Amino acid sequence: IVCDTLGKSDDDRVLNNLRYFRDNVLQKDDAYKDILIDYDNIGPVIAYYIMKDKDREKMSIGLYDLILTKVSDLIENKEYEKAITRYEIMMLSLINYYGLKHTYNKNKDNNYGVSNNEISCTGHGKCLRQNKGKL
């Protein structure tokens, strides 16, 4: 949602590094299973809140410049544990900022008051592209 808000290419270096990390490091090590499950549960909720944020462009610039590029650099340098820590801090900060529960939505019935239709279109900026100019 951040990259889509900023008009970044789907082939952006940062996005490619994050995907590489997910596919070739995190998904191949059972030690990271819980991190991936947590992200799958809370990621779309956070994306929804960013998408609806009146200051989403400022938020996206800050997240991209101050967090995501740094995580990407750590991945390039194979400093994986530091990348995970920085990313988790970002997620916890967003959970706190938007007043979400710290439980990473472990209760599957809890959707933070967001309808499933709204959440289902948030992955990879889909909803933002569908609603360009309507938000």
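All residue numbers in this chain count up from 1 along the given sequence. All figures in this text were calculated on a predicted structure; none of them were measured in a lab.
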Which value, rounded to the nearest 0.5 Å, describes the distance between [X] atom [atom1] and [Y] atom [atom2]?
X: L26; Y: I84; atom1: CG; atom2: CD1; result: 5.0 Å
X: R86; Y: I67; atom1: CZ; atom2: CD1; result: 6.0 Å
X: T69; Y: N17; atom1: OG1; atom2: CG; result: 11.0 Å
X: E88; Y: T85; atom1: CD; atom2: OG1; result: 6.0 Å
X: N16; Y: S72; atom1: CG; atom2: OG; result: 9.0 Å

Throw together a table of side-chain donor-acceptor distances under 3.5 angstrom for residues 59-66, partners on residues two or more places apart or in other chains.
from	atom 1	to	atom 2	distance (Å)
S60	OG	R56	O	2.7
Y64	OH	D12	OD1	3.0
Y64	OH	D12	OD2	2.9

Can you hop from [X] to [Y] via hydrophobic side chains spaced under 4.5 Å?
X: F21; Y: L36; result: yes
X: Y87; Y: L74; result: no
X: I89; Y: I95; result: no

Considering all heavy atoms of both residues, which atom of L15 and which atom of S9 are nearest to each other, and what is their separation?
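Smallest heavy-atom distance, with atoms named: CD1-O, 3.7 Å.
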Are any side-chain N or O atoms of D29 and backbone N or O atoms of V25, one a donor and one an acceptor, separated by less than 3.5 Å?
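Not a single qualifying donor-acceptor pair exists.
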For [X], all residues meeting salt bridge (Lys or Arg N to Asp or Glu O under 4.0 Å), sequence neighbours excluded:
X: D10; value: R19
X: E57; value: none
X: K82; value: E79

Decide side chain to side chain contact (heavy atoms under 4.5 Å, CB included) for L92 and N96; before the verdict, give the C-alpha distance in whole Å, the side-chain angles of both, and the deciding distance to 0.1 Å.
CA-CA 6 Å; L92 291 171; N96 184 55; over 6 Å; no
Does the side chain to side chain contact (heavy atoms under 4.5 Å, CB included) test come out yes or no for R13 and D73, once each step is laid out?
CA-CA 10 Å; R13 177 188 73 87; D73 293 343; 3.4 Å; yes
State, with a plain yes or no, whether a side-chain heavy atom of M90 is found less than 4.5 Å away from one of L68.
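Contact flag for M90/L68 side chains = yes.
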Which residues pass the ring-ring contact (aromatic ring centres under 6.0 Å, His included) test with Y97, not counting sequence neighbours?
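Partners of Y97 under the ring-ring contact (aromatic ring centres under 6.0 Å, His included) test: none.
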Contacts of Y32 that satisfy ring-ring contact (aromatic ring centres under 6.0 Å, His included) - sequence neighbours left out:
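If we apply the ring-ring contact (aromatic ring centres under 6.0 Å, His included) test to Y32, skipping adjacent residues, there are no hits.
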Heavy atoms of other groups near D23 CG, more than 12 under 6.0 Å:
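Yes, because the 6.0 Å sphere around CG of D23 holds more than 12 heavy atoms from other groups.
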Applying side chain to side chain contact (heavy atoms under 4.5 Å, CB included), run through Y49 and V45 and close with a yes or a no.
CA-CA 6 Å; Y49 278 91; V45 176; 3.8 Å; yes
Side chain to side chain contact (heavy atoms under 4.5 Å, CB included) between D53 and Y98: does it pass, once the steps are laid out?
CA-CA 9 Å; D53 193 318; Y98 288 115; 2.7 Å; yes
